[in-house]
Amino acid sequence: AHQFHLLGCIFEQFGYLVPGHLCGQLYCLPGEIYHSSEQGADWRIHQVIQDRGSVLSLYLRFVRGFLVFTTAFLSHRDGPVKRTSTSIYKESNRLVVSYQTLLLSLCMMSDSRLPWAYKRVSIGMIYTHCHVGAVGPLNLYKFFRDRFEARLDQPFLLSTGGSRHSYGDIDRLSAGFAAALVEAGVNSGDRVVVQVDKSPGAVALYLACLRIGAVYVPLNTAYTAAEVSYFLGDAAPVLFVCRPGSAAQLSRVADQTGGATTLTLGDSLDGSFADLAQKLPTFNELTSLDPGDVTAILYTSGTTGRSKGAMLTLENLASNAITLHEYWGFRPGDVLLHALPMFHVHGLFVALHCAMLNASSVIFLPKFDVDEVRELLPDATVMMGVPTFYTRLLDCKDFGRDECRHMRLFISGSAPLTVHTFEEFEQRTGHKILERYGMTETNMITSNPLDGERVAGTVGYALPGIEIRVADETGKPLPPGT
């Protein structure tokens, strides 16, 4: 009911959608009269409210819109009957395509036209209550850029040694890299395999792939030439981007496994790929994809056999980013401490996508160094890490509350967090680590709550829009408590 309360805001703020089947019925609320269309049975936008008003007026519209929505929608389906909040929630995914399209168009509006707090609400409702696949083509980079476009001067990646890249810097760099991709013969749907060190340039290369609709395929930087040979043969890329120091060996590997063009990118924006980008005018066109199109391929760890490429769609990445941003309560002023690698879901999608949706600054470390992390924690509000990050912090006997005084949230994933680590961290810092669970094939699936009890040794509840079942070895679902 609370979430539909927010959903009602969108009705009230941007248009009245009521089914034409209800011609002649009036919905009377204090100070307002809503009348359904007499022009047919389709859902229609009756008017667009130009005055977006204050946060307080938005809240009042939440209430009115909620009542309008539940009355109109439920009367349309079953007549004027009472429903529980649970049954109302279950009706949400049955909304018609025109309603989804309206919401998605609102999501794409720039922040300059929409109050920040309301922006979070409207986008969150799209992906937690509507099926994005029914909506038309999108560009994932535009999806993120619309959130930080009004903040291009905002610091984005804060690297060690004082190096800073603003959102505008990375926007321009990714446009230059997009030009280099096109020049190298990469088209929409083509695969680009990347094995480079973590750097601002690596982020820009990922975003450049999103710009032109190429499929981004990151590889662990520890993979040997023999392992890279397998991945190149399996992924069949048009372009392979590697570190300058590996080019001589890996270009031969690429030639032997399909003949992908090999270019290089160093962590100081050096290498043949960066040189090519500097010679070209920026490429600012954005290629739209269908929601079900593959946007990235990440290889699994291979614990049950040879690594397999998990094909992740635009809809998967967008919906998971929105859900996590909303579920973990990202807010203006949050600063993310990022010490994760960029070739895994955790560091690439979970961390960076949330930051970009929030236009947050990211303290961007090449790797986890316990002394460096301790020094930088007072400058951050959110940290995402694996359990070993937290055990290494706890190994420092003088680590405690003072260093965490500005922190809002610690998140753990990628491996089980022990009850002992959870409890000791809470005792030493006053913070309960939020543990979540996901897979390379799916992105995030479950999470302990932001507000509410976080249970040690568990990974929480199914995220909004996700269903979970527990089954035995034969695939038979098990009852709760088994």
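The analysis underlying the following values was restricted to heavy atoms, covering all of them including side chains, and did not include hydrogens, waters or symmetry mates.
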Could you go through the side chain to side chain contact (heavy atoms under 4.5 Å, CB included) check for Tyr141 and Leu286 one step at a time?
CA-CA 8 Å; Tyr141 179 70; Leu286 300 177; 4.1 Å; yes
Donor-acceptor pair, Thr391 side chain versus Thr388 backbone, under 3.5 Å?
yes
Measuring from Leu289:CG to Thr313:OG1, what's the distance to the nearest 0.5 Å?
10.5 Å
Distance-only, no hydrogens or angles: does the Tyr390 side chain make a donor-acceptor pair with backbone N or O of Ile411 under 3.5 Å?
yes
Minimum heavy-atom separation for His406 and Pro378, please, with both atom names.
ND1-O, 2.7 Å
Do Thr323 and Met444 make a side-chain contact, defined as non-hydrogen atoms from C-beta onward lying under 4.5 Å apart?
no
Test side chain to side chain donor-acceptor pair (under 3.5 Å) on Glu227 and Thr224 and set out the steps.
CA-CA 5 Å; Glu227 291 170 316; Thr224 64; 3.3 Å; yes
Got a sec, which residues hit side chain to side chain donor-acceptor pair (under 3.5 Å) with Thr418, two or more places apart in sequence or on another chain?
Thr421
Under the 3.5 angstrom rule, does the side chain of Arg147 hit a backbone N or O of Phe143 as a donor-acceptor pair?
no
Compute both the distance and the angle, then confirm whether Arg306 meets the cation-pi test with Tyr230: under 6.0 Å from the six-membered ring centre, within 45 degrees of the axis.
yes
Flag yes if more than 12 heavy atoms outside Asp153 fall under 6.0 Å of its CG atom; otherwise flag no.
no
Tell me if a side-chain donor or acceptor on Asp197 pairs with a main-chain N or O of Arg243 at a distance below 3.5 Å.
no
Is it true that atom CD of Glu424 has more than 12 heavy atoms of other residues, nucleotides or ligands lying nearer than 6.0 Å?
yes
When every non-hydrogen atom of Leu232 is compared with those of Pro237, the smallest separation belongs to O-CD, 3.3 Å
Nearest 0.5 angstrom please: Leu336 CG to Leu352 CG, how far?
7.5 Å
So does Gly168 get a backbone contact from the side chain of Ser166, meaning a donor-acceptor N/O pair under 3.5 Å?
yes
No-hydrogen, no-angle side-chain donor-acceptor test under 3.5 Å, Thr474 and Asp472:
yes
Short side-chain to backbone donor-acceptor contact, Thr440 and Thr300, under 3.5 Å
no
Would a line drawn from the ring center of His431 to the ring center of Phe425 be shorter than 6.0 Å?
no
Side chains of Asn220 and Tyr299: donor-acceptor distance under 3.5 Å anywhere?
no
Evaluate Leu181 against Cys209 for side chain to side chain contact (heavy atoms under 4.5 Å, CB included), listing each step before the verdict.
CA-CA 8 Å; Leu181 290 173; Cys209 288; 4.0 Å; yes
For the residue pair Ile363 and His338, establish whether any side-chain heavy-atom pair is separated by less than 4.5 Å.
no
Give a yes or no on whether Tyr223 atom OH has more than 12 heavy-atom contacts from other residues, nucleotides or ligands under 6.0 Å away.
yes
Do Leu207 and Ile170 come within less than 4.5 Å of each other through their side chains, counting heavy atoms only?
yes
Donor-acceptor pair, Asp190 side chain versus Asn187 backbone, under 3.5 Å?
yes
Please find the pair of heavy atoms, one from Pro366 and one from Thr160, that lie closest to each other, and give the distance.
CD-CG2, 4.0 Å
Polar side-chain atom of Ser361 near backbone of Pro155 as donor-acceptor pair, under 3.5 Å:
yes
Considering non-hydrogen atoms only, spot the tightest contact between Phe399 and Cys404 and give its length.
CZ-SG, 3.7 Å
Show every salt bridge (charged side-chain N to carboxylate O under 4.0 Å, His left out) that has at least one partner inside residues 163-188, sequence neighbours left out.
Arg145-Asp171, Asp169-Arg172, Asp171-Arg211
Given the ring of Phe364, does Lys198 sit roughly above its face, with NZ or CZ under 6.0 Å from the centre of the six-membered ring and within 45° of the axis?
yes
Between Asp290 and Gly292, is there a donor-acceptor pair closer than 3.5 Å when you use the side chain of the first and the backbone of the second?
no
The side-chain contact (heavy atoms from CB on, under 4.5 Å) partner of Thr295 among Asn316, Leu312, Leu210 is Leu210
For the residue pair Phe273 and Phe177, categorise the inter-ring angle as parallel (less than 30°), tilted (30 to 60°) or perpendicular (more than 60°).
perpendicular
Phe330 six-ring face occupied by Arg408 cation (under 6.0 Å, within 45°)
yes
Shortest non-hydrogen contact from Ala351 to Met384?
CA-SD, 3.6 Å
Closest non-hydrogen atom pair, Ala321 against Phe144:
CB-CE2, 4.4 Å
Under 4.0 Å between a Lys/Arg side-chain N and an Asp/Glu carboxylate O for Asp146 and Lys142?
yes
When you check the gap from the basic side-chain N to the acidic O, do Asp398 and Arg374 get nearer than 4.0 Å?
yes
Using a 3.5 Å distance criterion without hydrogens, assess whether the side chain of Asp334 forms a donor-acceptor pair with backbone atoms of Ser360.
no
